[in-house]
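This report concerns only the one structure given below.
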Amino acid sequence: MSEIKGSIYILSNRGFPNLSKVGYSDDPVRRVEQINRSSTIPYLYKLYASYDVVERLTDLIFHELLLIINPGLRISDDMDSGRFRNTEFFDIPPEKVFKVFKSIAIMTGTKNRLKRYDEEGNEIDVIWGDEVVEETQRRGPFTFSSIGVKPGEEIVFVSDPSFTATVVDDKHIRIGDTVTTLSGAAKNILNKKALQGPKYWTYKGKVLDDIRTEKENGGY
């Protein structure tokens, strides 16, 4: 089996939702962090998806594939020096680029190499349906108000009750002097890169994600 060298990634940005940035990195999560350090971008980039590859810089091959599909997809411009400037930006929404990733993964038997991420950078399940171009509707982002938890209430870490947090607003919690997210706090506690925060915190003895599921099914 060939060794994975890195990943082709898709980045999204709410400042231009119909564009995708497609590049290569040995570590896509770290690459996004590097890009977001720049003060020249108005909104942060989000890691939308990644596809593990066995050769570096294979994003260039994927760029060519996108241009075969539609030669006008790449964002490019003439520079003052007369040189032509190509970019890693394409005039296609991230979800459509992801469908191309899915098609490649299915055709080549490499579904295990494809990863999808939520708004907080946590890896989530890829939905594989009978139709590769159709993806089932996902749940929206978790909010405390959706399960009836109010600011000021306490939640407890699922595997260690010594870790407690206070709800600040719909998406943030406070641990000591630090305001963070469910996922951010859980990642720090467990020293993991990506996980789904609501599955790691409890409210009145019940896991937040379980409460959400019950409410969605008409219970709780």
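Computation of the quantities below employed the complete heavy-atom set of this structure, encompassing side-chain atoms and omitting hydrogens, waters and symmetry-equivalent molecules.
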Could you walk me through whether Thr164 and Trp201 pass side chain to side chain contact (heavy atoms under 4.5 Å, CB included), step by step?
CA-CA 9 Å; Thr164 62; Trp201 294 92; 6.0 Å; no

Under the 3.5 angstrom rule, does the side chain of [X] hit a backbone N or O of [Y] as a donor-acceptor pair?
X	Y	value
Asp125	Ile127	no
His63	Val22	yes
Asp210	Lys206	no
Asp209	Pro198	no
Arg116	Tyr48	yes
Ser183	Gly197	yes
Asn18	Pro93	no

Report yes or no: do [X] and [Y] belong to one cluster of Ile/Leu/Val/Met/Phe/Trp/Tyr joined by side chain heavy-atom distances under 4.5 Å?
X	Y	value
Leu114	Leu65	yes
Val100	Ile68	no
Val179	Val167	no
Tyr43	Ile75	no
Ile106	Phe101	yes

Contact between [X] and [Y] at the side-chain level, heavy atoms closer than 4.5 Å - yes or no?
X	Y	answer
Ile4	Arg113	yes
Tyr203	Val156	no
Leu190	Phe157	yes
Lys46	Arg14	no
Asn122	Tyr117	no

Tell me the closest heavy-atom pair linking [X] and [Y], and the distance in Å.
X	Y	result
Ile35	Lys21	CD1-CE, 3.6 Å
Val158	Lys199	CG1-O, 4.3 Å
Ser25	Arg31	OG-CB, 3.5 Å
Pro94	Pro17	CD-O, 3.5 Å
Pro151	Val168	CB-O, 3.4 Å
Val97	Ser20	CG2-OG, 3.6 Å

Quick check for you: to the nearest 0.5 Å, what is the distance between [X] atom [atom1] and [Y] atom [atom2]?
X	Y	atom1	atom2	answer
Asp59	Glu64	CG	CD	10.5 Å
Lys171	Thr143	NZ	OG1	8.0 Å
Ile175	Phe163	CD1	CZ	8.0 Å
Leu182	Ile173	CG	CD1	5.0 Å
Ile61	Leu66	CD1	CG	12.5 Å
Phe98	Ser12	CZ	OG	12.5 Å

Pairing residues for Arg56 by the salt bridge (charged side-chain N to carboxylate O under 4.0 Å, His left out) criterion, not counting sequence neighbours
Asp26

Between [Y] and [X], is there a side-chain donor-acceptor contact under 3.5 Å, judged purely by atom types and distance?
X	Y	result
Thr40	Ser38	yes
Ser162	Asp160	yes
Thr166	Glu154	no
Tyr51	Thr110	yes
Tyr200	Ser159	no

Hey, is Arg212 close enough to Glu216 for a salt bridge, meaning N to O under 4.0 Å?
yes

Can you tell which of Leu44, Leu47, Asp27 makes a side chain to side chain contact (heavy atoms under 4.5 Å, CB included) with Val32?
Leu47

Evaluation steps, ring-ring contact (aromatic ring centres under 6.0 Å, His included), between Phe144 and Phe142
CA-CA 7 Å; Phe144 284 107; Phe142 173 86; 5.4 Å; yes

Please check if the number of heavy atoms outside Glu119 that lie under 6.0 Å from its CD is greater than 12.
no

Might you confirm whether atom CD of Glu55 has over 12 heavy atoms from other residues, nucleotides or ligands at distances under 6.0 Å?
no

Worked check of side chain to side chain contact (heavy atoms under 4.5 Å, CB included) between Ile147 and Leu208:
CA-CA 8 Å; Ile147 63 169; Leu208 298 180; 3.7 Å; yes

Between Lys5, Lys111, Lys115, which is the residue that forms a salt bridge (Lys or Arg N to Asp or Glu O under 4.0 Å) with Asp52?
Lys115

Please list all pairs meeting ring pair (Phe, Tyr, Trp, His ring centres under 6.0 Å) that have one or both residues in residues 7-29, counting only residues at least two apart or in different chains.
none

